[in-house]
Amino acid sequence: MAKNILENELFESFANASDNIYIYVCDMRSDLSRWSKNSVDYFNLEGEYIEGAGPKWMERIHPDDRAAYLKDIEAVFSGASTRHSCQYRAKNKYNDYVWLECKGSVITGADGQPSVFAGIMTRLDNQNKYDPLTHLLTNYEMQKYDFSKGNGAILLLGINAFRKINNTNGYLYGNKVLVALSECLERFAGKNDRVYRFQGDEFVILSPNGSKEELGKLFEKANQYCTNIRGLKSFSVSAGLVSYPEDGTDFSTLMSNLEHSLEYAKEQKHGWIAEFSEKISQRHLRTSRLHEALTHSIHNNFEGFELYFQPILDAKTRKIIECESLLRWKTPEIQDATPYEFIKILEDNGEIREVGVWVMEEALRHAAMWQKKYDNISVSFNVSYLQLLDGEFIDKLIAKAKELQVDPRLVMVELTESCNADDTEMLSSQFDKLQKLGFKIAMDDFGTEYASFGLLHDVSMDVLKIDQKFVRGLIREGNMTDMAIIENVVNMCRQLNIQTVAEGIETEEIQDIIRSIGVSYLQGFLYSKPVPADEFERMVMSEQC
């Protein structure tokens, strides 16, 4: 099979079509691929035929683009999609990153299984001058600008939650949003300003001889405009802001600083603008350092990773009946990385898949041990939507539980990022497989996004975990909103035969209110913070004495 498809005359014909086009074809069953000779030369590949090319090609992709590339390509190799389409930067033989547009398709064999993956990569340095959708100048035109002469300011805008806008309303609606914003920016831009569509939902305003203050005012006008566009629902933008030559004198440096500033703005608050600063620079350097250390840990048998366990109590008896497994990580050099910090890096770079399997196996190992010691202690662990895109994860979970002789009725899988789940049909199918074997399924942080209710409609759940922001607000004077929300969620779950967990219980007062509402289980610092396994065992044993 591999020989036939890789030695195809059609491949030879296309391989020599253009110096700016590179093709490849992969036998998915043997993981042997063939690359056009010009791609071998330009990207300094090891040869025309490569075994296991995926990780090797990933090393050439710009770190900032790997997450988007990985998500797209994983959908192909997991069977969730038959087409690959992605733009990203890859390092050539000169150690320069070049923009590529990569498109590929999967061919299935006679048995209906994915057999061949073939694709074409087009270098984008000869792209159109104008974007076909918005008719703005493209970022390829911006690359021609000489930032080493004169001075000015640059604004990079990104639409907040644009993926959600597309998923909720469709791509045609998303295109209308992009066009509306482009028209808005042209309207508010200064006489000498240049407006570009940079990539996806990102736009650039280059203001030669302009100031950050002027672009800041433009940003405020744009955000106000986005809330009242006829025919469109309200949306918002965030932005990064730099000046040159202070923040850089070349396209790559300035755009890198802009991207880091935009990312920082979105993390702080939607509709926010962030000027590039030493703080943002140091934050990026720390992220890079953490990523490098995390990768080293993963490749060294997950050195530095550890599971902590937080007890979950029965609301009626206030006895420990379950625990949630929570990931912790530190190295001799890095002792202060928070879970929020390093888990986000793992997710952005796709390494959460490998770590997620390790977490699952460690959680099941502890579950097997505690089931023998304490009979009815249940163990839960978190699984992200990105992990579930790997079609093999659920099968690995089932196989590991069987190997360790774990009672699945005492294991709960908690879905995180529930509001970002696009393929609810896939989730429903995967979870249904687990539930039929006795595993429990929980939705974490319920109520933080309206989409959680849509997911509840489409996917069967055993447990809902009420987000701590509602729980902690119960004791605020005059606050009836959180009480009403929790009461209604609990009543709804009671009718649907779904159990509830209240997270974030920190005081006796909150505990008493939650118990009066009728929540099934309790979790929070009032009982214990997450602790190492041996300390959790001591807590369980002290209850049984």
Side-chain angles (χ1 to χ4, degrees), residues 305-315 317-329 338-340 342-343 346-347 352 355-371 373-374 376-385 387-388 397 400-401 406-418 431 434 439-448 452 461-472 493 498-506 510-511 514 519-540 543:
F305 287 101
E306 183 181 3
L307 287 190
Y308 274 41
F309 301 89
Q310 186 172 30
I312 298 174
L313 283 63
D314 185 293
T317 66
R318 280 180 285 186
K319 297 290 185 181
I320 297 173
I321 50 88
E322 187 179 338
C323 64
E324 179 181 359
S325 310
L326 295 162
L327 185 62
R328 299 292 184 264
W329 171 77
T338 66
Y340 173 81
F342 69 76
I343 288 176
L346 292 172
E347 289 174 342
I352 192 64
V355 175
V357 172
W358 181 86
V359 168
M360 175 266 289
E361 292 180 345
E362 281 294 293
L364 290 180
R365 185 174 65 81
H366 284 88
M369 178 176 61
W370 290 335
Q371 285 175 15
K373 284 187 176 182
Y374 312 116
N376 61 349
I377 294 293
S378 180
V379 175
S380 72
F381 60 91
N382 296 313
V383 176
S384 72
Y385 178 68
Q387 289 173 256
L388 293 171
L397 164 57
K400 195 66 180 180
V406 173
D407 184 349
R409 294 172 297 178
L410 295 176
V411 175
M412 185 160 69
V413 177
E414 296 189 22
L415 176 64
T416 62
E417 306 169 345
S418 55
F431 287 161
L434 289 177
F439 292 93
K440 300 293 189 296
I441 305 298
M443 186 191 299
D444 199 13
D445 301 330
F446 184 77
T448 55
S452 297
M461 296 288 172
D462 300 293
V463 176
L464 291 188
K465 303 192 74 173
I466 302 170
D467 187 72
Q468 56 188 333
K469 77 174 184 180
F470 300 111
V471 175
R472 290 172 175 167
C493 288
I498 295 174
Q499 295 177 315
T500 50
V501 178
E503 300 179 295
I505 298 177
E506 297 180 351
I510 291 178
Q511 172 193 253
I514 284 294
V519 170
S520 310
Y521 304 114
L522 314 171
Q523 182 177 358
F525 282 12
L526 177 62
Y527 315 109
S528 174
K529 63 182 180 180
V531 295
D534 56 353
E535 190 172 337
F536 174 74
E537 284 199 56
R538 284 194 291 272
M539 295 169 61
V540 175
E543 282 193 349

Can you tell me how far the [atom1] atom of [X] sits from the [atom2] atom of [Y], to the nearest 0.5 Å?
X: I498; Y: I441; atom1: CD1; atom2: CD1; value: 12.0 Å
X: N376; Y: W370; atom1: CG; atom2: CH2; value: 13.5 Å
X: S378; Y: K440; atom1: OG; atom2: NZ; value: 7.5 Å
X: I312; Y: M412; atom1: CD1; atom2: CE; value: 5.5 Å
X: M369; Y: Y374; atom1: CE; atom2: OH; value: 7.5 Å

Give me the atom names and distance for the closest heavy-atom approach of [X] to [Y].
X: N382; Y: E324; value: ND2-OE2, 3.3 Å
X: A367; Y: V406; value: CB-CG1, 4.2 Å
X: T500; Y: I466; value: CB-CD1, 4.4 Å
X: I377; Y: Q371; value: O-CG, 4.2 Å

Test side-chain hydrogen bond (donor to acceptor under 3.5 Å, both in side chains) applied to [X] - qualifying residues, sequence neighbours left out:
X: E322; value: none
X: Q387; value: S384
X: R318; value: none
X: Y521; value: Q499

Partners of [X] by side chain to side chain contact (heavy atoms under 4.5 Å, CB included), sequence neighbours excluded?
X: K400; result: M360, E361, L364, E403, L404
X: L307; result: F309, S325, L327, W358, V359, E362, A363
X: Q468; result: R472, E503
X: A315; result: L522

L415 and L388, any side-chain heavy atoms less than 4.5 Å apart: yes
L397 and F381, any side-chain heavy atoms less than 4.5 Å apart: yes
Short N-O contact, D407 and R409, less than 4.0 angstrom: yes
State which residues pass salt bridge (Lys or Arg N to Asp or Glu O under 4.0 Å) with [X]; sequence neighbours excluded, sorted by chain then number.
X: E414; answer: K465
X: D314; answer: none
X: R328; answer: none

Main-chain N/O of A442 paired with D462 side-chain donor or acceptor, under 3.5 Å: no
Flag, side chain of S528 to backbone of Q310, donor-acceptor distance under 3.5 Å: no
Can you list, pair by pair, the side-chain donor-acceptor contacts under 3.5 Å of residues 529-536, counting residues two or more places apart and other chains?
none

